[in-house]
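Okay, so here's the structure we're looking at.
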There are 2 protein chains.
Amino acid sequence: MITLTEENYIKAIYHLGKQGVETVNTNAIAEALQTKASSVTDMLKKLAEKGYADYIKYQGVNLTLEGKKIAIGIIRKHRLWEVFLVEKLNFKWDEVHQVAEDLEHIKSEKLIDQLDAYLKHPTHDPHGDPIPDRDGNFKQIEKILLSQATLGKKYQCVGVKDTSSAFLNYLDANTIALGTEIVLLHKEPFDQSIKIKINSREITVSQNVAKNLFLKTV
Amino acid sequence: MITLTEENYIKAIYHLGKQGVETVNTNAIAEALQTKASSVTDMLKKLAEKGYADYIKYQGVNLTLEGKKIAIGIIRKHRLWEVFLVEKLNFKWDEVHQVAEDLEHIKSEKLIDQLDAYLKHPTHDPHGDPIPDRDGNFKQIEKILLSQATLGKKYQCVGVKDTSSAFLNYLDANTIALGTEIVLLHKEPFDQSIKIKINSREITVSQNVAKNLFLKTV
DNA sequence: ATAAAAATTTAGATTAATCTAAATATAAAT
DNA sequence: ATTTATATTTAGATTAATCTAAATTTTTAT
Ligand SMILES: [Mn+2]
Ligand SMILES: [Mn+2]
Ligand SMILES: [Mn+2]
Ligand SMILES: [Mn+2]
């Protein structure tokens, strides 16, 4: 039996070690979960004992294969619920995270498989993140940050890095949504701000925005 | 802040004291929640301290107005989720209880209100139990048990008392569903078994069945 | 190479929920 | 009115998750 708290730690470790390859350190987990480093240490011992993680004192932690499978299962549930909330229950894309954080822990194979089918097997969540299938497989779309895009090229918006309400509301206000086409017009060397054309309208966005918007070439 | 465990106790107390009028005793709660009487005593003290229940040592417990409001809120969520599972996710009526038991604890006003709207404000769950509205109001339909029905009269099946898979599967096998019309043909004095006509078919059901099927006159 | 700083772990407590076994109170039976 | 049985509570432990403060290890800077 795995507890809700263990699940949250496993998911955090997975996210911090991109795709579960890098070693994750204690403070990063504490920061991510808004808890104290000493609590993290305790939990890492437990996760190691239960076979979900490889942990070496003072050296950091890695998920085992089993740990990764669990993480991906939780992420699958989280993102499917997010799709449900937006598509069926009229949530905005900045309102779903909190609720999905709880719904992701509901344990029922049938529930999640039926939900997946009901939503027509979506491949991405409302923020453009990929949804693993039943077997844990998912393909990360080839995407780059707006800040790394090349001048003159045409792109399509496919995801966000920052999922805070502040950022998502900014995008809403500027009619930037997933699927929106963007042409990179100018990069200002002084402050790295970027002028783009969206929906036949020209706007300038800050470096901060450019570093949190994912694009794909089109 | 109210914990998941406290919510389960409050709901159990509510259900045991029909509509929250009768005094509920420790052992009944322990039985309902599959726990030990000593654990219940501890929790009753806490619920009383938090203002959710009135509790007198050795005398039993009652929910306060606030406690009842909480109980009804949880029941509303439980039953709405049950409707969702059956109507949208193809669950059978004997499969929903376990999952709803967890979903009922998800805390989000918007979630439950939107779910309610999405389901078109259902008034009854898949077992015929009434769903409280936002304000906690619900009208108990006038219903009697098949065992108390009168000979020759025509009824409609409107609910079940026992919600076990065994019983629900029995009803499925005999094509008895909510809405099904039933005519009472004969009551056998020997074993209280009852002969009924359903869907132009005559069958005999045991007293046990008759005591768990709710009907309304039609 | 040493000292200072930062990261991490340990020690010792706390809170929530649970349990077993013993004590006490209430209810039922003689 | 006692005794017996049943119900309930208390006492004392346990497990999960967390915290603060102190100790230790690792990293960085001089
Ligand atoms: Mn979570
Ligand atoms: Mn998301
Ligand atoms: Mn529950
Ligand atoms: Mn029900």
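Proteins get letters first, then strands, A, B, ... in listed order; numbering begins at 1 in each.
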Distance, rounded to the nearest Å, where [X] contributes [atom1] and [N] contributes [atom2]:
X      : N       : atom1 : atom2 : result
K36(A) : dG12(C) : NZ    : C1'   : 17 Å
E6(A)  : dT18(D) : CD    : P     : 10 Å
E31(A) : dT8(C)  : CD    : P     : 13 Å
M43(B) : dT15(C) : CE    : P     : 16 Å
M1(B)  : dT15(C) : CE    : C1'   : 12 Å
Q34(B) : dT18(C) : CD    : C1'   : 14 Å

- Query: For K216(B), what residues pass the salt bridge (charged side-chain N to carboxylate O under 4.0 Å, His left out) criterion, not counting sequence neighbours?
  - Reply: none
Sequence neighbours excluded and cut-off under 3.5 Å, please list the side-chain donor-acceptor pairs for residues 134-149 of chain B, or say none.
unit_1: R134(B); atom_1: NH1; unit_2: D113(B); atom_2: OD2; d: 2.6
unit_1: Q140(B); atom_1: OE1; unit_2: K143(B); atom_2: NZ; d: 3.3

- Pairs in or reaching into residues 93-114 of chain B: which pass ring pair (Phe, Tyr, Trp, His ring centres under 6.0 Å), with residues at least two apart or in two chains? H78(B)-H97(B)
- Could you name each residue pair satisfying side-chain hydrogen bond (donor to acceptor under 3.5 Å, both in side chains) that touches residues 55-69 of chain B, not counting sequence neighbours?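 Counting only pairs at least two positions apart or across chains, the side-chain hydrogen bond (donor to acceptor under 3.5 Å, both in side chains) contacts touching residues 55-69 of chain B are T23(B)-N62(B).
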If you restrict it to nitrogen or oxygen atoms, what contacts under 3.5 Å exist between nucleotides 6-11 of chain D and the protein, and what is each distance?
unit_1: dT8(D); atom_1: OP2; unit_2: N27(B); atom_2: N; d: 2.9
unit_1: dT8(D); atom_1: OP2; unit_2: N27(B); atom_2: ND2; d: 3.2
unit_1: dT9(D); atom_1: OP1; unit_2: Y55(B); atom_2: OH; d: 2.2
unit_1: dT9(D); atom_1: OP1; unit_2: Y58(B); atom_2: N; d: 2.9
unit_1: dT9(D); atom_1: OP2; unit_2: T26(B); atom_2: OG1; d: 2.9
unit_1: dT9(D); atom_1: OP2; unit_2: T41(B); atom_2: OG1; d: 2.8
unit_1: dT9(D); atom_1: OP2; unit_2: Y55(B); atom_2: OH; d: 3.4
unit_1: dT9(D); atom_1: O5'; unit_2: Y55(B); atom_2: OH; d: 3.4
unit_1: dT10(D); atom_1: OP1; unit_2: K57(B); atom_2: NZ; d: 2.6
unit_1: dT10(D); atom_1: OP2; unit_2: K45(B); atom_2: NZ; d: 2.8

- Does D94(B) have any side-chain hydrogen bond (donor to acceptor under 3.5 Å, both in side chains) partners at least two apart in sequence or in another chain, and if so, which?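 Scan of D94(B) (side-chain hydrogen bond (donor to acceptor under 3.5 Å, both in side chains), adjacent residues dropped) gives S165(B).
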- Is the distance between the ring centroids of F214(A) and Y155(A) under 6.0 Å? no
